[in-house]
Protein chains: 2
Amino acid sequence: MLRILSHCAPMNDFIHFARLCQTPFPKSLGDTGLGTETTTTSIAELIADRIDSMPTGERRAAQTLVANYPVIGLKTVADFSQQAGVSSPTILRFVARLGFQNYPEFQSALQDELAAQLQSPASRTVTAPSRSDAASPMIEATLDNLRETFRHLSDKQLNEIAEKMADHRGHMFLIGGRFTDPLARYMAAHLAIIRPNVFHLVGQESMWRDRLIDMGKRDVLVIFDIRRYQDSLIRFAEKAHQRGVQIVLFTDQWLSPIARFARHVIAGRTAVPSPWDSSAALFVVAETLIGAVTRQMEPDSARRIREMEGLR
Amino acid sequence: MLRILSHCAPMNDFIHFARLCQTPFPKSLGDTGLGTETTTTSIAELIADRIDSMPTGERRAAQTLVANYPVIGLKTVADFSQQAGVSSPTILRFVARLGFQNYPEFQSALQDELAAQLQSPASRTVTAPSRSDAASPMIEATLDNLRETFRHLSDKQLNEIAEKMADHRGHMFLIGGRFTDPLARYMAAHLAIIRPNVFHLVGQESMWRDRLIDMGKRDVLVIFDIRRYQDSLIRFAEKAHQRGVQIVLFTDQWLSPIARFARHVIAGRTAVPSPWDSSAALFVVAETLIGAVTRQMEPDSARRIREMEGLR
DNA sequence: CCGGGAACGTATCGTATGTTACGTATTTTG
DNA sequence: CAAAATACGTAACATACGATACGTTCCCGG
């Protein structure tokens, strides 16, 4: 059953589109009614449960199924096997290991699960918290952090910052602290693609301190600094500020002392039930800004990217 | 919200500043647009559009499909016809009337639609309006990505990975791609504090390729690789795998080819309404793992940290 | 270093599935 | 009311799908 013709494109780039209307009709439950009837445990759980006792090939099957759950399992064995990069028999052995007599039975189970899931849209929102709650308070706290962070962030502010970052008449420098340096690097990696003169300051303090001499009023300095705030960064920010550099500060909710010198301050929530603070909120703000800047520099950035690809 | 558990951290709770947020970012770019017909409109809409001009039998088919959307359409023609109370040819005439060449093509369309829907369940947040934060689609998408990513991630799997990472008999190497290298660095920065022998592989390919000689069965290699997957990383992973190194792969939902060699695969959602892909989900998974490893190594890690502080 | 077993892929087979032709029923139109 | 056209189901058909047997490779233990 369920075969497919064209379009096996394993990984097409972006996918977006169409939402479809939900149908609030009752389902005349026609259960296939055969085989092992107890579907109390979802197939996804079943997989997570046994994935460790599987051989390599079947594990690849399991992984691709989980990654594209459950659509790939609704396609044919051939499609499934191709996307997983294994042979058809491996797929069949995989579903057999899950306890299904044959492939159609496996598909029926997936379909029933899907039907149950789609029927009550509430069940989704109900099961989601319960699962993620059980999974870890960590993710819940992170979600809260994200929401809170953005709640205190006006899009006017974001746009202003993006505008400043998009202004490539001046240079742009990024620097971070011990744990936040990767964020600076992440941002720099993207921005350096869509605009010129982006520099990620790394290495010894003396190295980037000397770069101060190149900085002026038209330049932007992006600093990531969460506690414990590093003295070196504070000193650096102060000197940069004295030279008239525009400072954009990413910090935590307790505000680094650098906030005193900053033109723009982004305060992200960092508290999570972990020995470490979380930089996830700042990371997402950074991604949002990267997107905003890119959008703002269109079509300039697109041209630049194309030109870059040509250089390979 | 914002719960704080256990050990560590002097943290004053809250602080608050005002400011509201609303962000009307539009821009959704291109759709995949392949296939014989442009599916800009969902199939459900297509049906609602033409259902009036259908003969009785096909209309019954349409109704049963809408009532059990889309699951019944994923089953066989026989199942569909039986549930609709019509014959098989009627079903085929029905899908033909919708503009599909044959039944498999119709099923493919349904599957694609389903995949797109499951990927961005943004429509799911009916509760969003109640929360006055009409946040940007960007942050909403990111929140969805996080939820979806963790929904497919059992904590059993997380714990096993954490366990492997906590095992410091062997060495631990981290490496990332063009945009994900900062994630590797971020993780390395934390793990290097709580356990010995953590190495972030950076610089030229030849640099870290030579490190292969130090790697063996007891070692762990953490790779971040999202599309476009980098050949250099794939080659590196393959060689490491041949040496028996345990590979933990952070990738996107389309699974880097490295998944073939990986002992553990973490598939994070990356789709956001932006020209760039989002690594936020992987970032949060990384943070979660960092926390889990730290907790697992207690009180060893605490002692190590204290000792470190003494070295200043 | 060698033997045994597990794992995976290739090739083949039987069959369930989608498809089509044709005959009957039902509705439409002059 | 008759004749035609449309709609629908029955039954036969061919394809492609899932299943299986078999050979090769890889890995582990002796």
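Letters go in sequence order (proteins before strands), and every chain restarts at 1. As the structure is a prediction and not an experimental result, all values here were calculated from the model. Computation of the quantities below employed the complete heavy-atom set of this structure, encompassing side-chain atoms and omitting hydrogens, waters and symmetry-equivalent molecules.
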Any ion pair linking A:D52 and B:K156 (charged N to carboxylate O, less than 4.0 Å)?
-> yes
Grab the CE-C1' distance between A:M54 and C:dA6 for me, whole Å please.
-> 16 Å
Length of the line joining B:L92:CG and C:dG18:P, which is rounded to integer Å | 8 Å
B:Q242 CD to D:dC27 P, straight-line distance once rounded to whole Å | 10 Å
Between B:I91 (CD1) and C:dT17 (C1'), how many Å, whole number?
-> 14 Å
Do B:D181 and B:Y186 have a side chain donor and acceptor closer than 3.5 Å?
-> no
Carboxylate-amine/guanidinium contact B:E205 B:R235, below 4.0 Å | yes
May I ask you to check whether B:Q253 and A:Y69 show a side-chain donor-acceptor distance below 3.5 Å?
-> no
Check the distance between C:dG18's P and B:Q101's CD and give it to me in whole angstrom.
-> 17 Å
Nearest whole angstrom, please: distance from the P of C:dT17 to the CD of B:Q107.
-> 11 Å
Please produce a list of atom pairs where a protein N or O lies less than 3.5 Å from an N or O of nucleotides 5-12 of chain D.
residue: D:dC8; atom: OP1; partner: B:T56; partner atom: N; Å: 3.2
residue: D:dC8; atom: OP1; partner: B:T56; partner atom: OG1; Å: 2.8
residue: D:dC8; atom: OP1; partner: B:G57; partner atom: N; Å: 2.4
residue: D:dG9; atom: OP2; partner: B:S87; partner atom: N; Å: 3.2
residue: D:dG9; atom: OP2; partner: B:S87; partner atom: OG; Å: 2.8
residue: D:dG9; atom: OP2; partner: B:T90; partner atom: OG1; Å: 2.6
residue: D:dG9; atom: N7; partner: B:R93; partner atom: NH2; Å: 3.3

So how far off straight is the helix from C:dC1-D:dG30 to C:dG30-D:dC1, going by the axes through five pairs at either end, to 10°?
-> 30°
Atom pair distance, as rounded to whole Å: OH in A:Y103 and C1' in D:dA16 = 15 Å
N/O donor to acceptor pairs below 3.5 angstrom from side-chain atoms of residues 213-225 of chain B, sequence neighbours left out:
residue: B:D219; atom: OD1; partner: B:H171; partner atom: N; Å: 2.6
residue: B:D219; atom: OD2; partner: B:G216; partner atom: N; Å: 2.8
residue: B:D225; atom: OD2; partner: B:S256; partner atom: OG; Å: 2.8

So, are B:E298 and B:R295 salt-bridged, with charged N and O less than 4.0 Å apart?
-> no
Salt-bridge criterion met for B:D252 and B:R269 (N-O under 4.0 Å) | no
So, B:T142 and B:N145: side-chain donor and acceptor under 3.5 Å apart, yes or no?
-> no
For B:R59 and C:dT27, give me the distance from atom CZ to atom P, rounded to whole Å.
-> 13 Å
A:Y103/A:T76 under side chain to side chain contact (heavy atoms under 4.5 Å, CB included): CA gap, chis, key distance, verdict = CA-CA 9 Å; A:Y103 195 70; A:T76 66; 5.8 Å; no
